[in-house]
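These notes are about the structure you will find just below.
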Amino acid sequence: MTAPPLTWLYAPGDRPGVVAKALVAGADVVMVDLEDAVAADRKEYAREATAELLTEAQPVPVHVRVNALDGPFAAADLAALAALPGLSGLRLPKVTSPEQVAGVAAATGALPLYALLETALGVERAYPIAAAHPALRGIALGEADLRADLGVRGDAGLDWSRSRVVVAARAAGLAPPAQTVHPDTRDLEGLAASCAHGRALGFLGRAAIHPRQLPVIERAYLPTERELEQAETIVKAATAQPGAQALPDGRFVDAAVVATARRTLSLARKPSLS
């Protein structure tokens, strides 16, 4: 089983030096941003710099967050980038309908797509979007925009939307979504607490905007020694005696428990950044 990515590091597309540093920062995926991080008068330069980077394969998977699909820049982004050998995926911002995903998939072939749900309408349509096309490999929230759209002040006001996106992703057969960014790059304690909350809600991994956030995210989402021991016990028991059973310590084991244990062990094989 291949370990899923846990860390997704954003870098602004109009700053090639920052992108170069991100590529060697240890993230599982680097996400070059052509949208929020780039001013309108820098869009063309960001696109050209990113296209130049992606003319060859990179040391880690590189995704590009294109501009909003209903805006003036997205068509040029897709035309310039979709066929480049160094591109591993496209992140589509502010998706509100499955038709948007299907349209991009038709234009880009089998390139993996990831939809960002950043409005109330996008969250309301989370499952149809998640199931829109086989090229769609994941969905995630864009919490800053969603918070503004909902008028939510406290963090707890987003928990329903978070759970909805987690359930929609799993219902559509997608991997558990990664959490959105923690905007304060120096608040590592707050980041760790937020990651623990996200893990409890069913998220797996998180987007980051600074390399210092990466080890915190990994520590939060990698299994503990106790979790590894429990997973190993479950897998050994299931291998020795297939089918539902009770372990000596009273824990009941069935196929779902075994699948969860195997996923835990797959995460353990990932090298740590710390």
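Side chains of Leu116 and Leu141 form no contact here, defined as non-hydrogen atoms less than 4.5 Å apart. Contact annotation: the side chain of Tyr221 approaches that of Gln179 to within less than 4.5 Å [non-hydrogen atoms, C-beta and beyond]. Between Pro93 and Val66 the shortest side-chain heavy-atom distance falls below 4.5 Å. Between Val64 and Thr50 the shortest side-chain heavy-atom distance falls below 4.5 Å. Side-chain atoms of Pro98 and Ile129, non-hydrogen and from C-beta on, do get closer than 4.5 Å to each other. Side-chain contact between Val19 and Leu53 is present, with heavy atoms from C-beta onward closer than 4.5 Å. Val165 places none of its side-chain heavy atoms less than 4.5 Å from the side chain of Ser161. The closest side-chain heavy-atom distance from Phe203 to Ser163 is not below 4.5 Å.
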(request) For the pair Asp33 and Arg91, evaluate salt bridge (charged side-chain N to carboxylate O under 4.0 Å, His left out) and give the outcome as yes or no after the intermediate values. (result) CA-CA 9 Å; Asp33 188 14; Arg91 297 182 74 82; over 6 Å; no
(message) Quick one, Leu113 with Val104, criterion side chain to side chain contact (heavy atoms under 4.5 Å, CB included). Give me CA distance, side-chain angles, the key distance, then yes/no.
(response) CA-CA 8 Å; Leu113 305 177; Val104 174; 3.9 Å; yes
(request) Check the pair Thr180 / Arg206 against side chain to side chain donor-acceptor pair (under 3.5 Å), numbers first and verdict last. (result) CA-CA 6 Å; Thr180 191; Arg206 187 164 200 160; over 6 Å; no
(request) Show your reasoning for whether side chain to side chain contact (heavy atoms under 4.5 Å, CB included) applies to Thr185 and Gln213. (result) CA-CA 7 Å; Thr185 64; Gln213 297 178 316; 4.2 Å; yes
(message) Run Tyr114 and Leu136 through side chain to side chain contact (heavy atoms under 4.5 Å, CB included) and show every step you take.
(response) CA-CA 6 Å; Tyr114 297 80; Leu136 189 74; 5.5 Å; no
(request) Verify side chain to side chain contact (heavy atoms under 4.5 Å, CB included) between Val235 and Leu265, making sure each step is shown before the conclusion. (result) CA-CA 9 Å; Val235 171; Leu265 294 177; 3.8 Å; yes
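Around atom CZ of Arg147, more than 12 heavy atoms belonging to other residues, nucleotides or ligands sit under 6.0 Å away. For CD of Glu44, the number of neighbouring non-hydrogen atoms (other residues, nucleotides, ligands) closer than 6.0 Å is 12 at most.
At a threshold of 4.5 Å between side-chain heavy atoms, the hydrophobic network of Ile, Leu, Val, Met, Phe, Trp and Tyr places Leu121 and Val152 in two separate groups. With hydrophobic clusters built from ILVMFWY side chains whose heavy atoms lie under 4.5 angstrom apart, Val38 does not share a cluster with Val18. By the rule that hydrophobic residues join a cluster once side-chain heavy atoms approach within less than 4.5 Å of another member, Leu191 and Val181 end up as members of separate clusters. Leu174 and Leu117 fall within the same hydrophobic cluster, where Ile, Leu, Val, Met, Phe, Trp and Tyr residues are linked whenever their side-chain heavy atoms come under 4.5 Å apart, directly or through other members. Hydrophobic clustering (side-chain heavy atoms under 4.5 Å, transitive across Ile, Leu, Val, Met, Phe, Trp, Tyr) keeps Val167 apart from Ile139.
Ser88 OG to Arg137 CZ: the interatomic distance, rounded to the nearest 0.5 Å, is 11.0 Å. Taken from CG in Asp145 to CG in Leu150, the straight-line distance is 11.0 Å, to the nearest 0.5 Å. Taken to the nearest 0.5 Å, the CD1 atom of Ile209 stands 11.0 Å off from the CG atom of Leu214. Atom-to-atom distance recorded for Asp249:CG and Gln230:CD is 8.0 Å, nearest 0.5 angstrom. In this structure, the separation between CG on Asp77 and CG on Asn67 is 4.5 Å, given to the nearest 0.5 Å.
Applying side chain to side chain contact (heavy atoms under 4.5 Å, CB included) to Thr108 and the options Leu87, Leu90, Leu81 leaves one that passes, Leu90.
When all heavy atoms are compared, the tightest approach of Lys43 to Leu34 is NZ-O, 2.9 Å. Smallest separation of non-hydrogen atoms from Ala115 and Val101: CB-CG2, 4.4 Å. When all heavy atoms are compared, the tightest approach of Gln100 to Leu69 is CB-CD1, 3.9 Å. The minimum heavy-atom distance between Leu111 and Ala82, with the atom names listed, is CD2-O, 4.0 Å. Nearest heavy-atom pair, Leu204 versus Pro176, reported as atom, atom and distance to 0.1 Å: CB-CB, 3.9 Å. Ala178 approaches Trp8 most closely through the heavy-atom pair CB-NE1, 3.7 Å.
Put simply, the side chain of Glu56 never gets that close to the backbone of Leu54: no donor and acceptor are under 3.5 Å apart.
Legend: salt bridge (charged side-chain N to carboxylate O under 4.0 Å, His left out) pairs involving residues 103-131, not counting sequence neighbours, sorted by first then second residue: Lys94-Glu118.
Between Arg199 and Glu227, at least one side-chain nitrogen of the basic residue sits less than 4.0 Å from a carboxylate oxygen of the acidic one, meeting the salt-bridge criterion.
His197 and Asp155 share no donor-acceptor pair across their side chains, judged by distance under 3.5 Å alone.
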